[in-house]
Amino acid sequence: AASRPARGERVLPLARRSVLVPMEPKELQQVAGLAISAVLPVELAEPIAGKAGGSPLFASLLARHLVRVHLIRVVGSDAFGSPDLPSFPMPPTLGVILFASHALMSEAARAMLHAAAPLGQVIDQELLAKVASVEGAAATQSALLECVAGGALVLDEATNVFSFPTCTE
């Protein structure tokens, strides 16, 4: 068992270096497809993989963003690109994608996210509605579902519990 340092004793953190190997385009195609619950054809996956630079987080957020702005349409388990997709300027950074996703949400959905952040992993809907100043059960549910559609929250449909996504979702 590791011993704890004595009170006031200075401990230097262990330095660890991890090398994250960028994902291959085919892997990013699968990750992006999973993010939008669809099979992503190569012609849609290539611009996403090219912009993502090997990052699965960037690829999944970009795919969701393209669905939200109607440049990718999901029908069943198939994804289709808009004719406007090739001329669309892809967001240059993760920050831009996150900002755009936030900006596309309604005021009520943004209020829900701002209120949910300090409330914890699993969110009590009644408390959240009060903190966010969203009136009525229907408005609360609508705002929460909008957050789910944008990928900012996850809904466990079996329990009707909303939570923040984890790294495995």
Side-chain angles (χ1 to χ4, degrees), residues 17-123 125 128 131-132 134 139-157 161-169:
R17 176 178 264 172
S18 296
V19 177
L20 297 176
V21 178
M23 290 184 111
E24 295 293 323
K26 190 74 172 160
E27 295 170 309
L28 290 173
Q29 178 180 7
Q30 292 174 334
V31 167
L34 286 171
I36 61 172
S37 301
V39 176
L40 205 59
V42 172
E43 64 272 11
L44 296 179
E46 284 177 346
I48 292 172
K51 192 63 185 174
S55 167
L57 177 61
F58 200 137
S60 61
L61 289 175
L62 182 54
R64 286 180 181 158
H65 177 71
L66 294 174
V67 169
R68 286 203 57 155
V69 296
H70 307 291
L71 290 169
I72 292 179
R73 184 172 45 95
V74 176
V75 178
S77 63
D78 296 317
F80 302 94
S82 161
D84 298 330
L85 182 59
S87 62
F88 178 74
M90 294 288 184
T93 65
L94 279 173
V96 171
I97 291 173
L98 292 171
F99 177 80
S101 296
H102 191 260
L104 289 169
M105 290 182 173
S106 68
E107 187 176 329
R110 284 195 306 273
M112 287 292 199
L113 285 179
H114 287 216
L119 292 179
Q121 177 63 24
V122 176
I123 302 161
Q125 291 182 40
L128 182 60
V131 172
V134 174
T140 298
Q141 190 75 4
S142 176
L144 288 169
L145 290 174
E146 185 180 343
C147 292
V148 170
L153 294 177
V154 175
L155 170 62
D156 179 343
E157 293 183 14
V161 171
F162 291 87
S163 61
F164 287 105
T166 63
C167 293
T168 59
E169 293 175 297

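Side chains are part of it too, since the values below use all heavy atoms of this structure and drop only hydrogens, waters and symmetry mates.
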*asked:* For E43, is there any backbone N or O sitting under 3.5 Å from a side-chain donor or acceptor partner on E46?
replied: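 Checked: no pair found.
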
*Under 3.5 Å donor-acceptor, S55 side chain and A52 backbone*: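 Absent.
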
[atom2] on [Y] to [atom1] on [X], rounded to 0.5 Å:
X    : Y    : atom1 : atom2 : result
L144 : L153 : CG    : CG    : 6.5 Å
H65  : I72  : NE2   : CD1   : 10.5 Å
L71  : D84  : CG    : CG    : 6.5 Å

Heavy-atom side-chain proximity of [X] to [Y] below 4.5 angstrom:
X    : Y    : value
Q30  : M23  : no
I97  : T93  : no
L44  : L85  : yes
L62  : P91  : yes
I48  : Q29  : no
M112 : V131 : no

*asked:* Would you say CZ of F80 has more than 12 non-hydrogen atoms from neighbouring residues, nucleotides or ligands within 6.0 angstrom?
replied: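 Result for CZ/F80: enclosed.
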
_How about CD on E107, more than 12 heavy atoms from neighbouring residues, nucleotides or ligands closer than 6.0 Å, or not?_
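No, not enclosed.
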
*Parallel under 30°, tilted from 30 to 60°, perpendicular over 60°: which one fits the rings of H102 and H114?*
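Parallel, since the angle between the ring planes stays under 30°.
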
Heavy-atom pair of closest approach, residues [X] and [Y]:
X   : Y    : result
R68 : S101 : NH1-O, 4.1 Å
A59 : L28  : CB-CD2, 3.8 Å
H70 : S82  : O-CB, 3.9 Å
A79 : I36  : CB-CD1, 4.2 Å
A35 : R64  : O-NE, 3.3 Å
P83 : P86  : O-CD, 3.2 Å

_Verdict with supporting geometry, V74 and D78, side-chain contact (heavy atoms from CB on, under 4.5 Å)_ = CA-CA 6 Å; V74 176; D78 296 317; over 6 Å; no

_With side-chain contact (heavy atoms from CB on, under 4.5 Å) as the criterion, how do L113 and M105 come out once you've worked through the C-alpha distance, each side chain's angles and the decisive distance to 0.1 Å?_
CA-CA 10 Å; L113 285 179; M105 290 182 173; 3.5 Å; yes

